[in-house]
Every structure is written in C-alpha cells, then in structure tokens.
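If you're wondering where the values come from, they're calculated on a predicted model, not measured in any experiment. Throughout, a chain's letter reflects where its sequence line sits, starting with A, and its residues are numbered from 1.
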There are 2 protein chains.
Amino acid sequence: MKSNNKWFITVSLAALVCLMTAGAAQAVPHAKYVFLFIGDGMGSVQINATEAYLANKVRRDEVGGVDKAELLRMSKLSVQGMCTTFPYNSYITDSAPAATALATGKKTADGVISMDPTKTIPYATIAEQAKAAGMKVGIISSVSIDHATPACFYAHEPLRGSYHNIGHQAYASGFDFFGGGGFKAVDGPLGNVLTAAQAAGYVVADTKAEIDALKPGQKAIAINPVLDDLKNDKALFYDIDRTYAVANDSAQADNHLTLAQFTSRAVSLLEKGKGFFLMVEGGKVDWACHANDARTVFDDMAAFDDAIGVALKFMHKHPRETLIVVTGDHETGGMTIGWAGTAYASYFEKLENQKISYVEFDKIWNAYKTACGAGCPADLEDALKTQINTLFGLDYTTLNNFEKLRLEDAYDKSLGRTSPNLPEEDALLYGTNTPLTVTITHILNKKAGIAWTSYAHTGVPVPVLAHGYGAGTFNGFYDNTDVAKKIAKAMRLTLPN
Amino acid sequence: MKSNNKWFITVSLAALVCLMTAGAAQAVPHAKYVFLFIGDGMGSVQINATEAYLANKVRRDEVGGVDKAELLRMSKLSVQGMCTTFPYNSYITDSAPAATALATGKKTADGVISMDPTKTIPYATIAEQAKAAGMKVGIISSVSIDHATPACFYAHEPLRGSYHNIGHQAYASGFDFFGGGGFKAVDGPLGNVLTAAQAAGYVVADTKAEIDALKPGQKAIAINPVLDDLKNDKALFYDIDRTYAVANDSAQADNHLTLAQFTSRAVSLLEKGKGFFLMVEGGKVDWACHANDARTVFDDMAAFDDAIGVALKFMHKHPRETLIVVTGDHETGGMTIGWAGTAYASYFEKLENQKISYVEFDKIWNAYKTACGAGCPADLEDALKTQINTLFGLDYTTLNNFEKLRLEDAYDKSLGRTSPNLPEEDALLYGTNTPLTVTITHILNKKAGIAWTSYAHTGVPVPVLAHGYGAGTFNGFYDNTDVAKKIAKAMRLTLPN
C-alpha cells in the first residue's frame, strides 16, 4: 500500500517535471558547463598540509588545526569523495594510465595515452564525446600541453614520451582551446606542430597581448610568454618562482600568467554555445612532490585552488548547469604532516622564509659549480651558506651535527666528489635530484614536521571533490575509472565500451 | 507552481508515513543498534594497503590493484566519508583528544580524557547519553579497557595515564559490557578495580568458559584469558601472534579470543531491550604502526574487519534500526604504498613469510641478549640470521651492503655497544623501538614497497565509513567532532553544549 502510493507519487512527479521542461530549449537537465580540475600528484595530504600551512601563517596561536573557514575552496565543495588510482598492471600508477582512467573510464598500462593495455585500441575520451555532441572543449595545464595528463584527453599514443606525435594530435582533435605550457617536441618528422596548428586554423598566442586579444569562435593555443625550460620542460614557472619574479620586477606579471588567468580566459572564450568541457591541470604539484619540496607544493596548490575559484565564480551565472569536479590523478611523494624527528609537533612557519623552488636553486647551484669548477672549496663556504639561509630560511648555524653532515655530504656529491656513503644510501637520499638541493628541502621540510617516503608516486587513494549539477554521485569511495563515468553521466554523454 | 506542488506532495507523504508508524511501539525512527568501530591509527592507507596485500596474496598475476570484490568489508559499506583529526592545540592528535572528539563531539587538548582543554569540565559522551536513554552500552578494545580510546567513552580524567582512576570509572559508569584487554592499574589508592567492580554488581570473566557463561542482564567485564604483558600492556596478542600460537597448539584458541568473538558475545548479551551502543576498538593497529611493522598491521586490520563482519551479520536481523560507523582516530606512522627505493613497484608477497610481530621478536631478542651477555658475538651470528629468516622471511644473504650495514649497526645498538652513527641519526633510525627489531621490519617493509615517515601519529585525514540507518549523513569531508554529532542525531540523542 505504502510503496504503491510512493510509486504513484514518484511517477506523477516525474510526469510533472517532464511536462514543465518540454517547452524549454534543453529537454533533459544535464551538466552543460563542466570543469575537471586535476591536481597532478595531489592526495588528501597535499590539500590538508597546504591548508595547515596557510592557517598557521595567518594565526600564530596555541590553537591548532584548520577551521572550516580556512579550508581551500576545493575542501568546501559540497561533495567530498575518494577514489583508488591503480593502473591495469600494478598498484602504483603513472600519470598516463591515471589520466586515461579520468578521461575515458578505462584502465590501461603504465605509459599509455588513452589506448588499451596492448596499445592497439584507442579509447574515446569525455572531451572527444563532448566535442562530438557540439560542446566546446578546453585543455589547460601548468606543464606542457603534450604532457601525459592533458594528452590523455585528446591523444591516443602507445608511449607518453612520443611528444611530437602527441603535439600533432592536439590541433587534430579540433578542440577549441589549449592553454598553459608549450610543446616539448615542436619540430620532428611530422613537421612543426605550431605551424601545422596554424594551417589547421588555430591562432597561436604566446604574449599576454595576443592571449588577451583572442576572440570567441577562434580556435586557440595560448602558451605562457615565459616557460621554465631547465630540462626542456615547456612549463609555467612554479607559483613560488612566479611570485618571486614579479616581486623583483612587477613587469614580469605579464610574462607569467597564472593558472587562474588561463582558466578565466578559457571560460570567456568557450562560454557561448552548447556548453563546454574544460580540463585544468595543476601539473607541477606532482613535480614539486617528486622533488620533496613542500613549500613549492603549497604555493602551486594555492594557485590551483585559485583556478577553482574562477569556476566557482562562473557557476554563479549558471548555477544549475555547471558541474565542477576536482581530483588528483595519484599521490606523489608519500607526503605526511608528521615526521619521526618532530613526532606530534608541527612548525609550518619554518617554510615561510623559502623564496624559490628547488628548480631555481638548481639554476643557482649549476652557476656556482661552473664558476668554481675544479677549485670549488672542500666544504660548503660561507657565501653559499648565506645564500641557503636567504633563499630557504635555513640557517646553517642552527643545524645539528647530523644535518650538517648530510648537507656537507650532499655538497660533495653534487660536485661529483667521492661520497662517504654506500651507493644504495645515496640513491635513497637523493633520488634523481641534485643532492644539495634535495637535502636542503628535506632538512627544511623535516624541521617543519613534514616528511616524504618516496620520489615517485604512491598507491594512496585520492580525493574526488564535486559541486553543482550531478555532484551527488561523487560521494563515497570508488575507482578513478568511475570518475569519468560519473562525469559522462552528468553530461548525458556516452563513453563507448 | 512546481515547487508548490512538490511541497504539497512532500507534506502529504510525511503525513502518510506518520499515520502508518503511529501505531508502532517506536514512534520516531532512529538508530536503535549502533556500532562504532574505531581503528586506532587507521588512515586510508592502512585500509588500502591491507586490501592490496590480501589481493596480491590470492592472485599472483600481472594485473594490479584491488577489485571491488576483494575490498575489506569496511570499504564496501554504503557510505565512505573522511574527517580531520586535529586536537584543540595542534595539528597532530594523540588518542585522548581524538577519542574525546568521537565520543563527545568536542575538541580537547592532548592527553585529556573527555574533559575540556582546561581539564576542569567533563564532557558528556554518546555512550553515557545512550545509557541515560535506557539503552545498553558495551565497550570493547583489543588493548586495555582503561586505555585512552575506550576510556573516553566512560571516563573523565585530566591525564590519560591515570589508569587507576580510569579503571574505577569503568564500573561506576554502569555500562553493561566491557570486553577485550584488562586493566593496567588494578591495585592502587582507590582499592582493587576488579573487586570494586564485583561489589558494584559486575561479573568479572577471564576464561573462555566464564565469558561463554555470561547471561543477558548481567553486567560484565570480559577479559581475554591470556594478555600480552611485555610492557604491562594488558592487551590482546597481535592477531599474527594469536594465529602463530594457535597454529603451534590448537588448545591456545581458548586462550586467545578474537575481537570478532568479543563483539559477537557483546551483541548476544546486549541485544534485548531498548537497543544498544557498542564501541569496538582495534587498538593494536596503532601500536603496530608506531613500530612500523606493516604485516602485523595487516593481520590486525583483518581481525578488526572480522569484528565489523559480526555487526553486518547482526544487521540482517534489524536492517532498518542498525547503524554501523567505522573510523580511525588518526593515522599512525605515515604509512604509504610506495617507497623511494622501490618507486612504482610493489612486492607485497615479501611480507607473507613473516610469522610473528615485532613484540614477539623483542621477547626472543631479549632472551638471546640475556643468554650471551657480555659474550655476545661481535657481529650477527648465523643462528640469529637463520632465525630472522625463519620468522620474517628476510634472508641475510639477499641483502645489499647498505641493508647489511643497517642490520649490523642495529645489532650493536641493541646490545648497548657504540654506534658508528650520530645520536640524531640513531634517534631517527630506531625511535624508541628495539633497534634490531625495527631495522628488520623496516628492511622487510621497504622490500615490499611500503614505507613510513614517523613512529608517531600524523595529521593525515581519516576515513569515516557508515552503513544502515542515518548512514547518509556520513558522506563528505568534515571534522572528527562531527562524527559524534552525526551518531547522536541518528540515535535521537542530545550531546549537551
């Protein structure tokens, strides 16, 4: 009796809703404006620790923790779920299968860009399905546009390292906007990527004026005027380094657009029409975690959160048709608030005096090493100690004997001198980083009460945060392949089996 | 028009439900049977890594990850949320304020048992409110009953270490069932805790026969027949050690009841009447994490999950009136799947040959050290290497030079001999653990691809998993104080301000 009544009421209500919307332009309610923010390497600790660092910076009182008002925007989104990240063939994913899962709803093997594990069958992506349905599509990353995470939304490649092939698939996708970093392999056997993109009708803009001048309806590739190119990265500078550059020369602001500025530009270009799918990657959170540099992580996390702020602001205009999803593709570094040496205490303020990232210090170190050559001093000289103190707030005189030993060993190792440690220990101490630089950030991070277990990714589950139309389905604990399926469902798109 | 219609239908439906339930004994639907499972030290990695270890044990194929069917019971509960754990005065909590938050919905300072941070005002607990409402209350822990986590549900004490005072507050609470470990300070200025409990009408049962003979209506303290007492712990043995003891002598099964058996016994004793609130703590997950012993964590996690199985079975009988909530009070150890030395690879099978916990090896080591005294060999002798291989599956001959060095240094340090390392490094290498034992588990864990950042707790957010009546409110990301409030709301209890 009761359930029959309920059934009757449900059906009547559905019929009523159906009648009321039949006359509208859009018959079926759906997520028309979709933002997918991917914090590369972002687990719950990267979020939580950034919040703790920022809260501690504002108020230096005895009361700990993070108040609700102090949370990042992403932690305030109405839905907070979690997902597993493992790839097809192991427990710890690389960014290629992780982004393939988020873009296509399917598992693949390490290194593969939106294809099956045998590297023969391409997987359709949400972005491609959105484009096919007449929506606009934008792809933004703080690293290069041909990097694994953005690539998985528009390209299908057996190897993530085939940057030249991937670059040519960007304009071939017909997507409306690519923004952020550049391309790692512009020239190659298929011809110049940017020239080919222009021939295909794209405007390539790489100054602020050109990017500002882009108009809706133009297909665009917007590359940041200045790229960090130490290792042919073609990426935005770290936000801590952007801040430092602008603080020293305000004119640099026009050379360093933020992730939020790229997001804002994309939104204004894609807004008109049948809706859009916009993927925004905070790609350098991962890189800073690989290098175990916490402060650089925090600043890039805050910049990533600012980009989410752009989406939230846009949502005020279209509250019932916008879906915002924020997730990490995996955790990187095994970061924790807590370290064996500091136990239950935290000293996040120790990180406040860090002014540059490990990358910028690498540049300084390389110059130093080249300058002194074979004549570099036997031990860390005072000038270098002063520089470390100025740039990281790490005062050599306050270090304990073990920390001093670690720093001196790292200095020797960075100069290619004989290490007193066994090779296996050196590998664990430095990974593939510059020994001196990573030892500085390790000591500083540990003094703050933050520690790392790895220079690689970990198998830790990651948060999935959502807001807006269809957000409710993102509650709970599920797999990263489900994220793509949930987004597709909210957009009324089909991801083929 | 539409919203008016919806309002009308909602009101009519509410009236209908109201009419239909008015005649029942219980006018207002609520959570009548409530289980709160607390995995002490359990973050999402403790869950995830246990699942990965168990999945890998069953199938040794190339496909990684954990299938949905292979998840622990707790990961299959319908609602999966997360919460922050920070205490009143810092970013990393100890178990006292963590359990105070879960029991009372309020923050307090480290070390304080269900009182305010000034240690003057007692906070009412959910368990006390349930008792006052005529429900039955049970408190179970695999560690001692007077330990911080269980204590926070029935005691109010400025210092968690005041075990004697806390013990006397157990029977004074009038709660119906206490089970698991014993009491750490039975004798003291207030008289014998157990004698006083008996005088207050409690049956004290500490054999399997006595525990089996307990009857509904009797107030009971059920203490496991055999307690691990190496450090006056008064706790259940680790599940890995229980398994080992029973495998060597099946009669030991009667001396080592499992957390699931205690839970089952409590349910059968508390079931009749106006419902119950039952808190079950998997307390030794935390201890094994403090010791950085992953395999021991996994076995205790599985035993904890078995206890959740008892609640799920009970729920079949009362599907609409049962609420199961599972959470951690904090994460311990900064555990990750992933380590600098193994990068993206995992070798969980390396842990399968571990037969005993670090505690049982400490006992063996203590005996060895006492036996050889001043005449202990200069280096690890073959007999000890063989024993390490037999008990942990760690073959000395397969270690690299750095691992051998670490083991030999730890051997020297465990004998009180001079360490070649600086004191600051020794502190980080061993914490307060037996150097040889923790070095064995560190090497073994790392070979499996599992690493730790701390011997203490961390500030990592923890999962909150729920099932049954009122479970939907546990979705999302909130604070540990909200967990108590949500439980109270589902039970229609009031937690005073």
| task | Under the side chain to side chain donor-acceptor pair (under 3.5 Å) rule, what do Thr336(B) and Thr453(A) come out as? Steps first, then yes or no, please. | result | CA-CA 7 Å; Thr336(B) 51; Thr453(A) 59; 2.7 Å; yes
| said: Does either side chain, that of Ser419(B) or that of Asp426(B), offer a donor lying less than 3.5 Å from an acceptor on the other one? | reply: yes
| field | Interface moiety of Phe86(A) toward chain B, non-hydrogen atoms closer than 4.5 Å | value | side chain
| task | Measure distances from Phe348(A) to the heavy atoms of chain B and classify the residue's part below 4.5 Å as side chain, backbone, both or neither. | result | side chain
| message | Less than 4.5 Å to any heavy atom of chain A: does that hold for the side chain of Asn48(B), its backbone, both, or neither? | response | side chain
| task | Select one option (side chain, backbone, both, neither) describing which atoms of Ile337(B) are under 4.5 Å from chain A's heavy atoms. | result | both
| request: Heavy-atom pairs under 4.5 Å with chain A are the metric here; pick the option from Gly431(B), Pro87(B), Gly338(B), Pro117(B) that has the most. | output: Gly338(B)
| said: Is it the case that the side chains of Ser95(A) and Asp329(A) hold a donor-acceptor pair, with the cut-off being a distance below 3.5 Å and no angle test? | reply: yes
| request: Below 4.5 Å from any heavy atom of chain A, which atoms of Ile47(B) appear? Answer side chain, backbone, both or neither. | output: neither
| said: For the backbone of Arg406(B) and the side chain of Asp409(B), can you confirm whether one donor and one acceptor N or O come within less than 3.5 Å of each other? | reply: no
| chain A: which of Ala340(B), Ala55(B), Ala49(B) shares the most heavy-atom pairs with it under 4.5 Å? | Ala340(B)
| said: Report which part of His330(B) has an atom under 4.5 Å of a heavy atom belonging to chain A: side chain, backbone, both, or neither. | reply: neither
| Asp94(A) side-chain N/O to Gly111(A) backbone N/O, donor-acceptor pair under 3.5 Å | yes
| request: Would you mind checking which part of Ala427(B) comes under 4.5 Å of any heavy atom in chain A, side chain (CB onward), backbone (N, CA, C, O), both or neither? | output: neither
| Do you know which of Glu424(B), Met335(B), Lys68(B), Met82(B) has the most heavy-atom pairs with chain A at a distance under 4.5 angstrom? | Glu424(B)
| field | Interface moiety of Thr342(B) toward chain A, non-hydrogen atoms closer than 4.5 Å | value | neither
